[in-house]
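No experiment lies behind these values; they were computed from the predicted model shown. Note on naming: letters A, B, ... go to the chains in the order of the sequence lines (proteins, then strands), and numbering restarts at 1 for each one.
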Amino acid sequence: MNCTRNRLPASTSHLNQRILHLKNGSGPTKVNDALQLFDEMLQRQPPPSIIQINQLMTLIVKMKQYSTALSLFKRVNMMGIPSDLYAINISINCHCRLNQVAYGFALLATLFKQGYPPDLTTYNTLINGLVLADRVFEAVELFKKLLIEKLCDPDQFMYGSVINGLCKAGHTIKAYELLRYMESGSCKPVVQYNTVIDSLCKDKMVDHALQLFTNMTEKGVLADVITYSSLIQGLCNFGRETEAARMLMDMEGKGVSPSVVTFNILVDSFCKKGSVKDAELAVQAMVRRGLNPDVITYSALIDGYCLRGEIDEAEKVLDGMVEKELVPNIITYNSLINGYCKKKRIGKR
DNA sequence: CTAGGGTTAG
């Protein structure tokens, strides 16, 4: 085996380091840093490899800058740097995220024309794109076609997208059946259990969700923080707080730590029931564990106080969140507006 | 040596 790395020019490894640095960094400057690095890259001589471009593009896509990524790819093309399957798959995903599945399929056609065979990721991305566009029926059709024509061997991602789509469209039972079908094959579900369990909870079939949870555990599939959070949410929504509390203890016992999301579910549930006091206690508990309340935590609390007409308390929470440099959003303000309206109505009586 | 899926607030 030859050692390619040693033969790369120094500048290339420097570039790789900067990409790596961007990957681990964070903050608002990150997007600009990535774009600046991209500009520098394109001005280099010799031009960067498509691999390096794809790496940087992946970062830009992770920052949800889909249209930026697409226009950058356009520039890359115009510079005469040839595209590859990875680049096209990334572009397809960008179009799908921008709700332009049709363009995604157009790129599929380009792949065929250029004699590149699409791969599993290409199809996964397109199926997921159809699901994102609420075209679940077409997603299922494409999935079936790929199976029947043996165009690819579905993996976790493909099953995941179709199962997710079926759940979103309210066909939880169909999703459940597909999960069972998946289990019968070589591709073992993990995340897919979570999707179906959450959907069963949202469909008010909490007991079925609990049953599926038991099933997965018996099969040796480990429930994670998302599984437990979904179940806790389901139980809380139907007044089964005692069981939710037991579930919280159960997860801790299994070594799964509740996350900010788990606590947010509890905080919101207490607030909706009108017991903001308990919600505040839950917030204290999460802080004690070193978890930082976020915009969702504070918004849920604000809504809780507003529902009770305690607008002064809501304002205190708002001040508290601004002190923590958290930015209230449209949902936060909506609760406050509702709170003010409520107060006004009561005042008029 | 780069692409794709699951949980929370109005």
Side-chain angles (χ1 to χ4, degrees), chain A residues 4-5 16 19-20 23 48-62 69 83-94 96-97 104 118-129 131-132 139 154-165 167-168 175 179 189-199 201-202 209 223-234 236-237 258-269 271-272 279 286 293-304 306-307 317 321 328-339:
Chain A
T4 324
R5 187 149 40 119
N16 288 341
I19 293 174
L20 201 71
K23 213 179 211 165
S49 68
I50 188 69
I51 294 174
Q52 285 178 321
I53 291 171
N54 289 341
Q55 277 177 327
L56 190 48
M57 225 48 114
T58 303
L59 287 179
I60 294 172
V61 169
K62 289 229 165 84
S83 213
D84 68 353
L85 185 57
Y86 279 82
I88 293 179
N89 283 343
I90 298 173
S91 302
I92 292 178
N93 185 37
C94 289
C96 289
R97 299 280 165 177
D119 65 359
L120 191 54
T121 301
T122 318
Y123 289 122
N124 284 349
T125 310
L126 285 167
I127 286 179
N128 192 45
V131 168
L132 286 173
D155 65 354
Q156 301 228 16
F157 290 99
M158 188 169 283
Y159 280 111
S161 292
V162 179
I163 287 174
N164 182 32
C167 287
K168 258 184 36 179
L179 179 72
V190 181
V191 165
Q192 293 72 16
Y193 273 108
N194 289 348
T195 313
V196 177
I197 284 176
D198 185 62
S199 190
C201 286
K202 298 223 158 71
D224 65 8
V225 62
I226 297 184
T227 327
Y228 284 107
S229 299
S230 294
L231 287 168
I232 289 172
Q233 159 103 300
C236 285
N237 278 345
S259 66
V260 173
V261 175
T262 320
F263 277 104
N264 284 348
I265 289 167
L266 291 169
V267 169
D268 182 52
S269 174
C271 286
K272 287 215 172 71
M286 75 192 276
D294 61 8
V295 186
I296 297 184
T297 324
Y298 284 106
S299 299
L301 271 180
I302 287 173
D303 192 54
C306 287
L307 286 173
V317 178
M321 84 182 273
N329 62 25
I330 184 78
I331 299 181
T332 326
Y333 287 120
N334 210 336
S335 295
L336 281 164
I337 292 169
N338 284 340

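Between the C1' atom of dA9(B) and the CG atom of N334(A) lies a distance of 11 Å, rounded to the nearest Å. Protein atom CD1 of I232(A) is 16 Å distant from nucleotide atom P of dT7(B), rounded to whole Å. In this structure, L126(A) atom CG and dA3(B) atom P are separated by 17 Å, rounded to whole Å. Between the P atom of dA9(B) and the CD1 atom of I296(A) lies a distance of 7 Å, rounded to the nearest Å. Counting to the nearest Å, the C1' atom of dC1(B) and the CG atom of N89(A) are 14 Å from each other. We find that CD1 of I226(A) is positioned 5 Å from C1' of dT7(B), with the value rounded to whole Å. In this structure, K168(A) places its NZ atom 15 Å from C1' of dT7(B), rounding to the nearest Å. As a whole-Å value, the separation of L307(A) CG from dA9(B) C1' is 11 Å.
Here the side chain of V261(A) is nearest to one of dG10(B), dT7(B), dA3(B), namely dT7(B). Checking dG10(B), dA9(B), dT7(B) against the side-chain heavy atoms of D303(A) singles out dG10(B) as nearest. Side chain of D198(A), nearest nucleotide from dT7(B), dA9(B), dT2(B): dT7(B). Ranking dG10(B), dA3(B), dT2(B) by closeness to the D84(A) side chain, first place goes to dT2(B). Listed nucleotides dC1(B), dG10(B), dA3(B) differ in distance to T121(A); the shortest reach to its side chain belongs to dA3(B).
Using a 4.0 Å heavy-atom distance criterion, I127(A) is classed as making no nucleic acid contact. Residue N338(A) is in sugar-phosphate contact alone, with no base atom involved, counting any heavy-atom pair closer than 4.0 Å across all strands shown. Using a 4.0 Å heavy-atom distance criterion, K272(A) is classed as a sugar-phosphate-only contact. Contacts of I51(A) with the nucleic acid, taken as non-hydrogen atoms under 4.0 Å apart, include base atoms.
Partners of N93(A) under the side chain to side chain donor-acceptor pair (under 3.5 Å) rule, at least two apart in sequence or in another chain, are R97(A).
Atom-to-atom distance recorded for T262(A):OG1 and I232(A):CD1 is 6.0 Å, nearest 0.5 angstrom. From N164(A), atom CG reaches atom CG of L132(A) across 8.5 Å, with rounding to the nearest 0.5 Å.
Residues T125(A) and N128(A) have side chains that never bring a donor and an acceptor to within less than 3.5 angstrom of each other. Residues T332(A) and N329(A) have side chains that bring a donor and an acceptor to within less than 3.5 angstrom of each other.
For dA9(B), the base has no donor-acceptor partner in the side chain of D268(A) [N/O atoms by modelled type, under 3.5 angstrom].
For K202(A), a side-chain nitrogen or oxygen approaches OP1 or OP2 of dT8(B) to under 4.0 Å. Using a 4.0 Å cut-off, some side-chain N or O of T58(A) falls inside it from OP1 or OP2 of dA3(B).
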